[in-house]
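Quantities reported herein were computed from a predicted structural model and do not represent experimental measurements. FYI, the numbering just counts along the sequence from 1.
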Amino acid sequence: MRTAVTSLCEQTAWHQWIPLENSWRGKQVPTCPGLYRILLIGERVQMAYIGQSSNLKERLGALKHIYAEQAPLHTPHFAGPALWQWRQYKPPSRFDVSVAPFPTVPKPLRLGLECLAIALCQQEDGASPLANFGRTRDEWCALWDASPEQRAKEVAPTGSLDGSPHTEVWCGLEWTPWTPLRREPLSGVGMGLYRLRVAGCDPLLYVGQGDIAARLKASRSTLPLECSWVSGDWTYHRRLELRSTAVGAHLVSLSTVPLWQFEQGSPLGGPADIAA
C-alpha cells in the first residue's frame with residue numbers, strides 16, 4: 001500500500017490527460033479498478049472532480065450524460081449535474097480526464113486513495129475539486145468573491161498531511177485531548193469533526209463529522225474507546241472536505257485508513273456513511 005500512496009504523492013500514478021468526451025470508447029481507459037480525475041479547461045483551468053471506481057471505463061461512460069442538452073440526474077453518476085453545470089458556465093469549456101489504475105487495491109483502501117488524491121489536489125491548488133463536496137457553482141463564485149479570511153476558513157488547506165493522527169495538531173486543526181468515550185452525554189461542543197481510537201492501537205477507528213455530541217453518543221461501544229474532536233462553524237461542505245482530508249492524511253502516516261471508515265458491517269457504517 002505504501003507504493004500506491006507514494007505514487008500518488010509523487011504524481012507518478014496518473015496516466016496522461018485525454019479528452020473526457022468519448023474516453024469510454026476504445027482502449028485508452030482500462031476496465032480495472034482505480035482513480036480518475038477530471039480537469040475543467042476554460043476561462044481558468046481547475047480540477048473539477050476526483051473519483052474512484054471498480055471499473056474505470058464503465059465509470060467514465062456514466063458521465064456521457066453531461067454532454068446532453070438537459071442536465072442529468074445524480075444517477076448514474078453523482079457528480080453529473082455539477083459537471084454539466086460547469087460545462088455550461090463558460091462555453092466553450094471542455095473536460096480532460098486522467099486515470100490511475102490500482103487493480104489490486106481493495107475498495108476500502110481505494111476509497112482512502114481517493115481521499116488522499118483530493119487532499120493532494122487541495123494542497124497544490126489551494127482548493128478541492130469543484131464537484132467533490134456538493135458545492136454549487138453559485139457557492140463557488142461566492143467564495144471566489146469572498147474575503148481572504150472567509151476563503152481561508154472554507155476553502156484553503158488547514159495544514160500538512162504529515163504527522164501522527166493521534167496528535168492535537170493533526171492536519172493543522174486544534175483537536176481536544178483524547179478522553180474515554182463515556183456514557184455521560186457531552187454538551188456545548190457543537191458541530192465539527194471527531195475521531196475514535198482504542199488506546200494503544202496505532203490506526204484510528206473512525207473519523208467523522210456532524211453534531212459531535214450526537215455522533216459520539218451513537219458511537220458508544222463495549223470496547224474501551226477514546227475520542228477527540230475539533231469544533232468549528234464550518235459549512236456542511238467544508239466539514240466533508242476536512243473529514244476527507246483527515247482520512248487521506250491517515251493513509252499518508254500509517255499506509256491504511258481508519259479501521260472502521262469504509263467497512264460494511266462496522267459499528268459506524270461503511271462506504272455509504274462517508275457523507276455522515
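Residues Y236 and Q209 have side chains in contact (heavy-atom distance under 4.5 Å, counting atoms from C-beta outward). The shortest distance between side-chain heavy atoms of F262 and L109 does not fall below 4.5 Å. Between Q46 and W140, every side-chain heavy-atom pair lies at or beyond the 4.5 Å cut-off. Looking only at side-chain heavy atoms (C-beta outward), Q261 and P108 stay at 4.5 Å or farther from each other. Side-chain atoms of T235 and E154, non-hydrogen and from C-beta on, do get closer than 4.5 Å to each other. Side-chain atoms of P258 and L205, non-hydrogen and from C-beta on, never get closer than 4.5 Å to each other. Side chains of E139 and L143 form no contact here, defined as non-hydrogen atoms less than 4.5 Å apart. In this structure the side chain of Q28 never reaches within 4.5 angstrom of the side chain of V99, judged on heavy atoms.
A side-chain donor-acceptor contact under 3.5 Å links T158 to the backbone of C171. Using a distance-only test at 3.5 Å, with no hydrogens or angles considered, no donor-acceptor pair links the side chain of R151 to the main chain of A156. A side-chain donor-acceptor contact under 3.5 Å links T6 to the backbone of R2. Side chain of T179 to backbone of C227: no donor-acceptor contact under 3.5 angstrom is found. Side-chain N or O atoms of R137 include none that pairs as donor or acceptor with a backbone N or O of A82 at under 3.5 Å.
For CD of Q11, the number of neighbouring non-hydrogen atoms (other residues, nucleotides, ligands) closer than 6.0 Å is greater than 12. Within a 6.0 Å sphere centred on CD of Q150, other residues, nucleotides and ligands contribute more than 12 heavy atoms. Within a 6.0 Å radius of NZ in K153, other residues, nucleotides and ligands contribute more than 12 heavy atoms.
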Kindly indicate, with the supporting measurements, whether the criterion side-chain contact (heavy atoms from CB on, under 4.5 Å) is fulfilled by L56 and T31. CA-CA 5 Å; L56 288 167; T31 57; over 6 Å; no

Determine whether L196 and L204 satisfy the following criterion, side-chain contact (heavy atoms from CB on, under 4.5 Å), listing intermediate values before the conclusion. CA-CA 6 Å; L196 296 173; L204 299 183; over 6 Å; no

What do the steps show when you test W17 against R37 for side-chain contact (heavy atoms from CB on, under 4.5 Å), and what is the final call? CA-CA 9 Å; W17 292 101; R37 56 182 181 172; 3.4 Å; yes

Could you go through the side-chain contact (heavy atoms from CB on, under 4.5 Å) check for D202 and H166 one step at a time? CA-CA 8 Å; D202 209 6; H166 299 276; 3.6 Å; yes

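Both L161 and L251 belong to a single network of hydrophobic side chains, linked directly or stepwise wherever heavy atoms of I, L, V, M, F, W or Y lie under 4.5 Å apart. Linking ILVMFWY side-chain heavy atoms closer than 4.5 Å, directly or via other members, places F78 and I38 in two distinct hydrophobic clusters. Linking Ile, Leu, Val, Met, Phe, Trp and Tyr residues whenever their side-chain heavy atoms come within less than 4.5 Å places L40 and Y67 in a single cluster. Tracing side-chain contacts under 4.5 Å through hydrophobic residues (I, L, V, M, F, W, Y), one reaches L35 starting from V105; they form part of the same cluster. Linking ILVMFWY residues whenever their side-chain heavy atoms come closer than 4.5 Å, directly or via other members, leaves V230 and L181 in distinct clusters.
In this structure, H250 and W170 have perpendicular ring planes: the angle between them is above 60°, well past the 30° mark. The aromatic rings of W86 and Y89 sit perpendicular, their planes meeting at an angle over 60°, well past the 30° parallel limit. Taking the six-membered ring where the residue is Trp, Y36 and H77 present perpendicular rings, their angle passing 60° and hence far from 30°.
The line from CG of D96 to CD1 of I41 is 3.5 Å long, rounded to the nearest 0.5 Å. The distance from the CD atom of Q52 to the SG atom of C115 is 9.5 Å, given to the nearest 0.5 Å. Taken to the nearest 0.5 Å, the CG atom of L173 stands 10.0 Å off from the OG1 atom of T167. Annotation: the span from R110 atom CZ to S53 atom OG amounts to 6.5 Å, rounded to 0.5 Å. Rounded to the nearest 0.5 angstrom, E241 CD and N132 CG are separated by 9.0 Å. Note: Y194 OH to S231 OG = 13.5 Å, rounded to the nearest 0.5 Å.
For the pair R87 and E21, the salt-bridge criterion is not met [side-chain N within less than 4.0 Å of a carboxylate O]. A salt bridge between E226 and R197 is present, with a side-chain N of the basic residue lying under 4.0 Å from a carboxylate O of the acidic one.
Here the closest non-hydrogen pair linking A4 and F102 is CB-CE2, 3.7 Å. Heavy-atom minimum distance, P76 versus R59: O-NH1, 3.1 Å. Nearest heavy atoms, C9 versus V252: SG-CG2, 4.5 Å. When every heavy atom of P72 is checked against every heavy atom of P81, the shortest pair comes out as O-CG, 3.3 Å. For the pair P165 and W178, the tightest heavy-atom approach, listed with the atom from each and the gap, is O-CZ2, 4.2 Å. A pairwise comparison of heavy atoms in I118 and S128 identifies CG2-OG, 4.1 Å as the closest pair.
By the ring pair (Phe, Tyr, Trp, His ring centres under 6.0 Å) test, W229 is found to be paired with no residue, residues two or more places apart in sequence or in another chain being considered.
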